[in-house]
Amino acid sequence: MEKQTGLVQSVSVSMRFLKVLNESDSPLPLGMIAKRAETGASMAHRYLQTLVKEGMVSQDAATGFYDLGPQAIALGISAIRRINPIEVASEQMKALAETTEAGCGVAIWTQRGPALIRWYKSAYFSLNPLSLGEILPLDNTACGLLFQAYLHPSAIQIARDYQPAHFCGKPPNNEQLEHIRQAQFLALKSHLLPEITGQAAPVFDAQGNVACLITTMDHLGHQPNITVPIKQSARTIAELTGTTHYWHSND
């Protein structure tokens, strides 16, 4: 029993060193790793040398600095391949719909514009004007504008050519799009429907591209502060998909 406990502790300590290296932007010297892992230098040296032998850590022959090794990188790539950001987003929005007064969904980009591929009704929010697969207007919805802030103009133009002018609306200017990119979030009131507020936030993939959007819809008089829950959901999704480094919003 003691031996098993010791093995678990060894793995736990090893993970502390790997976490330090993972959170660093560059290779680190032994002393810095020990400090950040809150261990002694001798313990750090023993564990790091073992991790080097296993390929989880590499050590520069010239400087002696440590970094993630080939096996750690391989594991990371394998984990990324297993993550489906759309499914992660769907699970989070389903949970959000169960605890708020908003309908919650997931939208992806198509050649015709934003398309709703998941939609979860709230127990408190009966209005449901949207259906799965429905194409959303480019300029009159939070999803449409948020996609425009991140996608290449040529992709937007294809959708704009498809959507009737009265449907897609008035195109945003560069200043508006930059504001959306900085906020990484958008809320519109009474744009798609009177007295309805729609909100959206991006979900990034491993390369920093927008994989999908999470979106909510609720009545203005029901829950005016849905902004906080949807931003928290976006952050949770980023943590689960390993894409928090693409977020710069402090909200």
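When reading the values below, keep in mind they use all heavy atoms of this one structure, side chains included, and skip hydrogens, waters and symmetry mates.
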Is it the case that atom [atom1] in [X] sees more than 12 heavy atoms from other parts of the structure closer than 6.0 Å?
X: N174; atom1: CG; value: no
X: F185; atom1: CZ; value: yes
X: H245; atom1: NE2; value: yes

- Message: Please verify the inter-ring angle class for F17 with Y47; under 30° counts as parallel, over 60° as perpendicular, anything in between as tilted.
- Response: tilted

- Test log, rule side chain to side chain contact (heavy atoms under 4.5 Å, CB included), inputs T243 and D205: CA-CA 7 Å; T243 58; D205 63 19; 6.0 Å; no

So how far is it from [X] [atom1] to [Y] [atom2], rounded to the nearest 0.5 Å?
X: Y150; Y: N209; atom1: OH; atom2: CG; result: 11.5 Å
X: L21; Y: S26; atom1: CG; atom2: OG; result: 10.0 Å
X: L48; Y: S58; atom1: CG; atom2: OG; result: 10.5 Å
X: L116; Y: C212; atom1: CG; atom2: SG; result: 11.0 Å
X: L51; Y: R46; atom1: CG; atom2: CZ; result: 12.5 Å
X: I237; Y: E91; atom1: CD1; atom2: CD; result: 9.5 Å

Closer than 3.5 angstrom, by distance alone: can the side chain of [X] be matched with the main-chain N or O of [Y] as a donor-acceptor pair?
X: Q163; Y: L138; answer: yes
X: Q92; Y: A89; answer: no
X: T215; Y: Q199; answer: yes
X: E98; Y: Y120; answer: no
X: Y246; Y: A206; answer: yes
X: S90; Y: I86; answer: yes

Side chains of [X] and [Y]: closer than 4.5 Å at any heavy-atom pair?
X: V20; Y: M32; answer: no
X: C104; Y: I214; answer: no
X: I33; Y: F65; answer: no
X: W247; Y: Q184; answer: yes
X: F204; Y: V210; answer: yes

Testing the basics here: between [X] and [Y], what is the closest heavy-atom pair and its distance to 0.1 Å?
X: L96; Y: S233; answer: CD2-OG, 3.8 Å
X: A115; Y: I135; answer: CB-CD1, 3.8 Å
X: A62; Y: D60; answer: N-OD1, 2.8 Å
X: T216; Y: A102; answer: CB-CB, 4.1 Å
X: M93; Y: V106; answer: CG-CG2, 4.1 Å
X: C143; Y: A107; answer: SG-CB, 4.0 Å

- Across all chains, not counting sequence neighbours, the salt bridge (charged side-chain N to carboxylate O under 4.0 Å, His left out) partners of R181 are E178

- Note on the structure: By salt bridge (charged side-chain N to carboxylate O under 4.0 Å, His left out), R118 pairs with (sequence neighbours left out) E87

Would you say [Y] ends up clustered with [X] if hydrophobic residues are merged whenever their side chains have heavy atoms under 4.5 Å apart, either directly or through other cluster members?
X: I108; Y: I230; value: yes
X: L146; Y: L151; value: yes
X: F167; Y: I158; value: no

- Task: Report the C-alpha separation of I180 and Q148 in whole Å, then their side-chain angles, then the decisive distance to 0.1 Å, and conclude whether the side chain to side chain contact (heavy atoms under 4.5 Å, CB included) test is met.
- Result: CA-CA 9 Å; I180 294 171; Q148 289 188 66; over 6 Å; no

- So among L145, D139, T197, which one has a side-chain contact (heavy atoms from CB on, under 4.5 Å) with L188? L145

- Message: For a side chain to side chain contact (heavy atoms under 4.5 Å, CB included) check, start with the C-alpha distance between M56 and S14, then their side-chain angles and the critical distance, and finish with the verdict.
- Response: CA-CA 10 Å; M56 295 298 291; S14 296; over 6 Å; no

- Query: Can you pull the side-chain hydrogen bond (donor to acceptor under 3.5 Å, both in side chains) pairs that have at least one residue in residues 64-73, sequence neighbours excluded?
  - Reply: Q49-Y66, Q59-Y66

